[in-house]
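Reading through the structure tokens given below for one structure.
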Number of protein chains: 2
Amino acid sequence: MALVTRRRNAGQISGESIVIEAAWMYYHDGLNQTEIAGQLGVSRATVVNYLQEAKTRGFIRISLSASAFTTHQLAQDLREKYNLTAAYVVPDGNGRDEDTLMRVARGAGEWLPSLLEPGDRLGVAWGRTIFEVAEALEHSQTGDVAGDITVSQLVGSMATPYGFTAEICSAHMAQRLGAKCINLHAPAVLSDPDLAARLRAEPIIRDQIEALSRCNKAIFAAGSCDHTSHVVSSGVASHADLDWYIAQGATGVLCGRFIDAKGRSIPGDLDARIIGVELDRLLNLDMGLLVSTGADKVAPMQAAIAGGYVTHVVTSSSTAAGMLAE
Amino acid sequence: MALVTRRRNAGQISGESIVIEAAWMYYHDGLNQTEIAGQLGVSRATVVNYLQEAKTRGFIRISLSASAFTTHQLAQDLREKYNLTAAYVVPDGNGRDEDTLMRVARGAGEWLPSLLEPGDRLGVAWGRTIFEVAEALEHSQTGDVAGDITVSQLVGSMATPYGFTAEICSAHMAQRLGAKCINLHAPAVLSDPDLAARLRAEPIIRDQIEALSRCNKAIFAAGSCDHTSHVVSSGVASHADLDWYIAQGATGVLCGRFIDAKGRSIPGDLDARIIGVELDRLLNLDMGLLVSTGADKVAPMQAAIAGGYVTHVVTSSSTAAGMLAE
DNA sequence: ACCATGGGTTGAATATTGTCAAAACCTAAC
DNA sequence: GTTAGGTTTTGACAATATTCAACCCATGGT
């Protein structure tokens with residue numbers, strides 16, 4: 001264990017760690033490494049080391065300002081067409097969907113903190129996208145967001161083939177935001193309606209579900225409604241279920257519930273077996289942040305927006321273009 | 001004048017905002033300009049332009065983590081405002097003055113060794129703060145400073161209710177620094193001017209006092225000038241003395257001498273009875289290190305600096321803020 | 001007291017980035 | 001259709017930053 005890092009510190013302007021001093025000179029004063037090396041009395045190479053340490057230690061945060069993504073044409077159009085409070089459109093990059101998803105998640109991760117304020121109770125849904133958003137938060141935030149935020153898990157947990165669960169999504173997000181976390185300690189879907197009812201009645205679960213209705217903000221993704229969708233692969237619905245819902249006009253999936261093109265919840269078999277927020281609860285929130293990308297998400301996103309659950313959107317430019325095409 | 005910038009619509013990247021795309025690739029994806037140029041189908045120089053545009057348009061936000069840098073900012077400001085060589089500001093921590101004092105002392109203790117060099121003759125004042133600095137040295141330094149340093153006791157000794165005397169301050173400091181130590185074997189203040197004069201004339205004392213004028217660096221604290229101050233409780237001055245000095249405009253205490261807001265020594269009754277360095281000796285040193293903290297020290301510190309005795313400062317962030325407030 | 005160890009530092013080779021004037025391009029007016 | 005005037009892009013060069021293997025020095029164990 002290296003206890004005290006023993007560095008030379010001559011020529012410093014303040015007694016602060018020389019790493020900070022160097023980072024300050026570089027990023028704040030705009031000096032170049034040669035000048036800094038001169039003033040600090042070390043070699044340029046050492047200055048490089050200091051700066052890298054500053055980066056890895058998180059002293060330096062480089063992010064693209066939200067305005068860049070919310071002001072440009074696609075975002076504006078999206079906002080107008082769907083009457084949103086704000087939209088955040090990130091470039092697709094190379095065509096790979098995977099990369100685009102990461103970009104969208106990262107964008108959401110950078111934007112989210114600025115959308116929250118002390119006292120907020122944020123509901124967090126589940127899914128690959130949301131998981132990545134939570135991950136992305138880590139890099140952009142150093143844990144100094146305005147405190148006193150509570151994160152609630154919007155839907156029950158699910159054994160997934162993806163290695164991330166609803167708990168992990170909300171727990172990660174809470175951790176990155178420095179927020180308290182209320183998990184929902186129950187499966188997302190049960191095989192038997194009675195069991196589900198009894199579980200919902202359990203005091204612990206009931207309290208947790210009740211906490212959900214106190215959320216004033218929420219973050220969720222729109223799920224698509226085809227047979228490759230996560231709804232099926234994660235076991236929420238069987239292929240048969242899916243076909244039935246599609247026949248009823250299902251256009252997308254929101255927090256485990258099927259919605260039609262107008263965003264209305266489609267009543268069905270599953271409702272009684274699901275443990276999670278009811279879609280009604282997501283209406284009229286201070287913020288409903290929809291994070292999704294992909295051509296197959298265009299219709300589900302439109303449905304979710306039509307349902308009135310959405311005030312803010314994060315997506316990719318091609319998806320945005322798809323939503324704007326008529 | 002906001003015209004639409006017409007750019008060549010190369011590649012399949014949305015022509016809308018190549019600038020953002022480039023910025024994303026550079027800052028988020030970590031690609032270098034050559035790679036970006038390739039993917040975007042433009043020259044590398046163009047990428048430079050895009051990135052610069054992103055900078056000037058404010059898309060890129062480089063922020064230095066607040067926690068690490070606020071203190072540094074204060075130090076910079078302090079240095080500028082008071083024309084100091086360097087300043088070291090430590091965070092206050094929890095509100096407790098006691099803890100803050102310890103932090104400041106530790107900061108000074110860490111900094112001091114790097115401010116000294118072989119051959120230096122360091123004058124050491126007396127006080128709670130200085131004592132703690134000496135103590136703090138113990139932990140950070142194992143006596144491996146460049147040798148050949150001499151420590152001199154700046155003021156005579158004092159029976160105190162605190163259990164540490166001027167000798168102990170300087171002796172400790174000398175020990176921690178691996179320095180020689182010249183103590184001043186006399187009381188700091190005598191009741192009779194004649195006695196003081198005769199004592200000063202004693203060969204041993206005279207030599208020791210003379211040694212003081214050979215100091216090229218000094219470390220001292222600023223004392224406040226109210227009735228709760230150490231000047232009174234340690235018996236240097238009586239309440240009556242204090243009132244008299246305050247009436248003369250005394251703003252602080254430096255090495256047992258009262259100074260006014262401009263840092264000028266206030267001539268008075270005490271001068272003839274004190275055994276210790278004269279403030280003139282502290283002018284134009286290679287280093288005058290002022291270590292103090294507390295709201296009540298703001299004015300005294302400012303006075304000391306105004307008097308020209310100070311080149312380096314160690315203090316707490318709230319005190320620094322107080323000194324910067326106007 | 002000695003040596004092994006590991007982090008901090010360094011100089012030189014390498015890679016990346018910034019600069020600048022010239023060229024290409026677009027728009028709009030002649 | 002052509003030209004003027006502005007902007008964007010470009011290539012070559014200069015400045016700057018990064019990498020890497022070797023070095024130094026303090027530390028801790030033998």
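By convention in this document, chain letters (A, B, ...) are assigned in the order of the sequence lines, proteins followed by strands, and residues within each chain are numbered from 1. Computed from a predicted structure; not experimentally measured.
- Protein atom CG of Leu51(B) is 16 Å distant from nucleotide atom P of dA17(D), rounded to whole Å.
- Across the protein-nucleic acid pair, Ile60(A) atom CD1 and dA17(D) atom C1' stand 14 Å apart, rounded to whole Å.
- Counting non-hydrogen atoms under 4.0 angstrom, Arg44(A) reaches nothing in the nucleic acid.
- With rounding to whole Å, Asn49(B) atom CG is found 13 Å from dG11(D) atom P.
- Taking 4.0 angstrom as the limit, Tyr50(A) places none of its side-chain polar atoms (N or O) nearer than this to OP1 or OP2 of dG8(C).
- Protein atom CD of Glu53(A) is 11 Å distant from nucleotide atom C1' of dG7(C), rounded to whole Å.
- For the pair Gln52(A) CD and dG8(C) C1', the computed distance is 14 Å after rounding to whole Å.
- Distances shorter than 4.0 Å separate some side-chain N or O of Thr46(B) from OP1 or OP2 on dT10(D).
- A salt bridge links Glu135(A) and Arg176(A); the closest N-O separation between the charged side-chain nitrogens and carboxylate oxygens is under 4.0 Å.
- Nearer the 5' end of DNA chain D, as judged by each residue's closest nucleotide, is the contact made by Asn32(A), out of Ala45(A) and Asn32(A).
- We find the OG1-CZ distance between Thr311(B) and Arg79(B) to be 12.0 Å, quoted to the nearest 0.5 Å.
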Please determine whether side-chain hydrogen bond (donor to acceptor under 3.5 Å, both in side chains) holds for the pair Arg121(B) and Thr150(B), giving the CA-CA distance in whole Å, both sets of side-chain angles, and the decisive distance to 0.1 Å. CA-CA 5 Å; Arg121(B) 294 163 309 280; Thr150(B) 305; over 6 Å; no
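- A straight line from CG of Leu40(B) to P of dT8(D) spans 16 Å, rounded to a whole angstrom.
- OP1 and OP2 of dA15(D) both lie 4.0 Å or more from every side-chain N or O belonging to Gln33(A).
- No side-chain N or O of Arg44(A) forms a donor-acceptor pair with one of Thr34(A) less than 3.5 Å apart.
- Between Ile18(B) atom CD1 and dT10(D) atom P there is a gap of 10 Å when expressed in whole angstrom units.
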